[in-house]
2 protein chains.
Amino acid sequence: MSLQHSLLVLLAEQPSSGYELSQKFKSGVGYFWKASHQQIYTQLKKLTEDGLIDFEEEQQEGKPDKKIYKVTAQGMAGLKTWLSSEIKPSKTNDALLVMIYGGRYVGDDVILKEVRRHRDIHQKGLEKLLAIESLYFNLDDELKPQYRLPYLTLKRGIRGEQSWLEWADEVIAELSPQ
Amino acid sequence: MSLQHSLLVLLAEQPSSGYELSQKFKSGVGYFWKASHQQIYTQLKKLTEDGLIDFEEEQQEGKPDKKIYKVTAQGMAGLKTWLSSEIKPSKTNDALLVMIYGGRYVGDDVILKEVRRHRDIHQKGLEKLLAIESLYFNLDDELKPQYRLPYLTLKRGIRGEQSWLEWADEVIAELSPQ
DNA sequence: ATCTCCATGTAATGTGTTACATGATTAA
DNA sequence: TTAATCATGTAACACATTACATGGAGAT
């Protein structure tokens with residue numbers, strides 16, 4: 001149930017609407033936690049019912065009203081409890097690896113094509129992360145300490161993608177006809 | 001729904017019982033696809049209903065009977081179709097990174113402790129994978145081609161864990177008091 | 001006695017995905 | 001006029017987790 005904790009972390013940083021949160025899940029935390037807007041809205045409802053967050057409505061012209069959610073004292077206490085708890089290592093369910101593992105039932109070319117397609121996606125992912133990293137590097141030295149921890153998570157993403165790409169290149173070399 | 005495909009791949013390799021499959025998910029494919037025995041039994045039931053697999057009962061002495069499942073012609077066709085299809089890149093939902101990202105609300109020591117705990121788990125994971133790799137290296141050269149594709153998936157696991165550990169060491173260095 | 005391994009499953013609950021639904025604004 | 005962005009949600013379905021349930025064999 002870490003989607004709730006992800007939401008609490010984001011809202012503790014900055015009160016936001018559901019829509020804004022769903023945008024943040026496409027960047028920032030989104031590099032290690034994915035959530036659709038449907039999930040976000042239902043979890044915001046639950047968190048509100050449980051008193052961990054509350055909201056104020058903000059009128060807007062020409063656009064639907066926003067509900068700006070923020071973490072309550074109770075929510076902050078809950079977040080701190082979670083931050084001090086043991087969490088289960090994440091499990092990886094990677095269908096591409098299942099495909100490669102069972103690749104003997106089709107030609108190498110079929111697997112190769114799909115690995116290449118994924119390679120492109122990961123390459124683009126890496127580029128995005130590196131762009132964010134350079135923003136961090138260009139930050140004033142006074143501001144850097146604030147982003148120290150998020151930067152460590154960004155580094156995980158970068159290293160992860162680099163490692164993935166190195167592996168993919170090996171696979172591509174192995175499966176390519178001579 | 002790649003659990004079904006994982007099961008088909010494993011059963012295409014070797015007809016097995018639900019219990020045996022659940023053991024395989026603790027090693028082999030288990031390094032990139034996790035499934036509990038409850039999931040496995042329900043999916044085996046569904047796959048049987050859909051005619052993609054069937055089973056024969058094997059009597060055993062002193063132990064409950066085994067249902068040995070095997071892939072049908074229809075199942076094999078379905079597997080090949082899947083192997084030739086585009087699959088969505090896997091999403092990572094990593095609660096430890098959420099924790100680090102939001103770590104400013106607790107002390108560095110709290111986060112450090114949890115990172116160290118995970119480091120140990122990943123270290124052990126890597127050792128297991130390296131042990132399997134050395135089995136592969138010691139294989140007769142005639143047998144190696146058979147394990148070519150599974151070996152590529154093993155390599156992903158090894159590289160992934162190595163990259164994870166390198167990152168964890170950086171995090172530990174960053175969070176450790178001087 | 002207690003625990004782990006073998007071997008199978010159901011039931012309840014929790015989480016995630018896909019599809020459906022609405023409606024205004026702005027840019028191509 | 002088509003698509004994208006802003007903004008919110010519900011409903012149906014698929015998938016995963018936890019708890020419950022049984023029962024013998026063998027080891028400590």
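Note on naming: letters A, B, ... go to the chains in the order of the sequence lines (proteins, then strands), and numbering restarts at 1 for each one.
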Give the rounded distance in Å between these two atoms: [atom1] of [X] and [atom2] of [N].
X       : N      : atom1 : atom2 : answer
A/Lys24 : D/dT5  : NZ    : P     : 19 Å
B/Glu58 : C/dA7  : CD    : C1'   : 12 Å
B/Ile68 : C/dC6  : CD1   : C1'   : 13 Å
A/Lys26 : D/dA4  : NZ    : C1'   : 11 Å
A/His37 : D/dA11 : NE2   : P     : 14 Å
B/Leu3  : C/dG16 : CG    : C1'   : 16 Å
A/Leu21 : D/dA7  : CG    : P     : 12 Å

Can you see which heavy atom on [X] is nearest to which on [Y], and at what distance?
X        : Y        : answer
B/Ala12  : B/Leu79  : CB-CD2, 4.2 Å
A/Leu165 : A/His122 : CD2-CB, 4.1 Å
B/His118 : A/Ile87  : NE2-O, 3.1 Å

Original post:
Which of residues 80-95 of chain B have a heavy atom under 4.0 Å from DNA chain D?
Top reply: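 Heavy-atom cutoff 4.0 Å gives no residues at all.
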Contact check, residues 38-57 of chain B vs DNA chain D, heavy-atom distance under 4.0 Å, returns B/Gln38, B/Gln39
Looking at CD of B/Glu174 and CG of B/Leu112, how far apart are the two atoms once the value is rounded to the nearest 0.5 Å?
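The CG atom of B/Leu112 is 11.0 Å from CD of B/Glu174, to the nearest 0.5 Å.
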One should read off an interatomic distance between A/Ile53 CD1 and A/Leu7 CG, to the nearest 0.5 angstrom, of 7.0 Å
Side-chain contact check for B/Tyr19: nearest option of C/dC6, D/dG9, C/dT17 is C/dC6
Of the candidates D/dT18, C/dG9, D/dG9, the side chain of A/Lys67 sits closest to D/dG9
Does a donor on one side chain and an acceptor on the other come within less than 3.5 Å for A/Gln162 and A/Glu166?
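On atom types as modelled, these side chains do not qualify, holding no pair under 3.5 Å.
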What I want to check is whether the side chains of A/Glu127 and A/Gln123 have a donor and an acceptor closer together than 3.5 Å. yes
Exercise for review: Determine whether B/Ser2 and B/Trp33 make a side-chain contact, defined as any pair of heavy atoms from C-beta on separated by less than 4.5 Å.
Suggested key: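 Yes, at least one pair of side-chain atoms sits under 4.5 Å.
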Table please: side-chain donor-acceptor pairs of residues 129-136 of chain A below 3.5 Å, with sequence neighbours left out.
residue, atom, partner, partner atom, Å
A/Glu133, OE2, A/Tyr151, OH, 2.8
A/Ser134, OG, A/Ala131, O, 2.9

- Task: Scan A/Ser17 against the nucleic acid and name what it touches under 4.0 Å (heavy atoms): base, sugar-phosphate only, or nothing.
- Result: sugar-phosphate
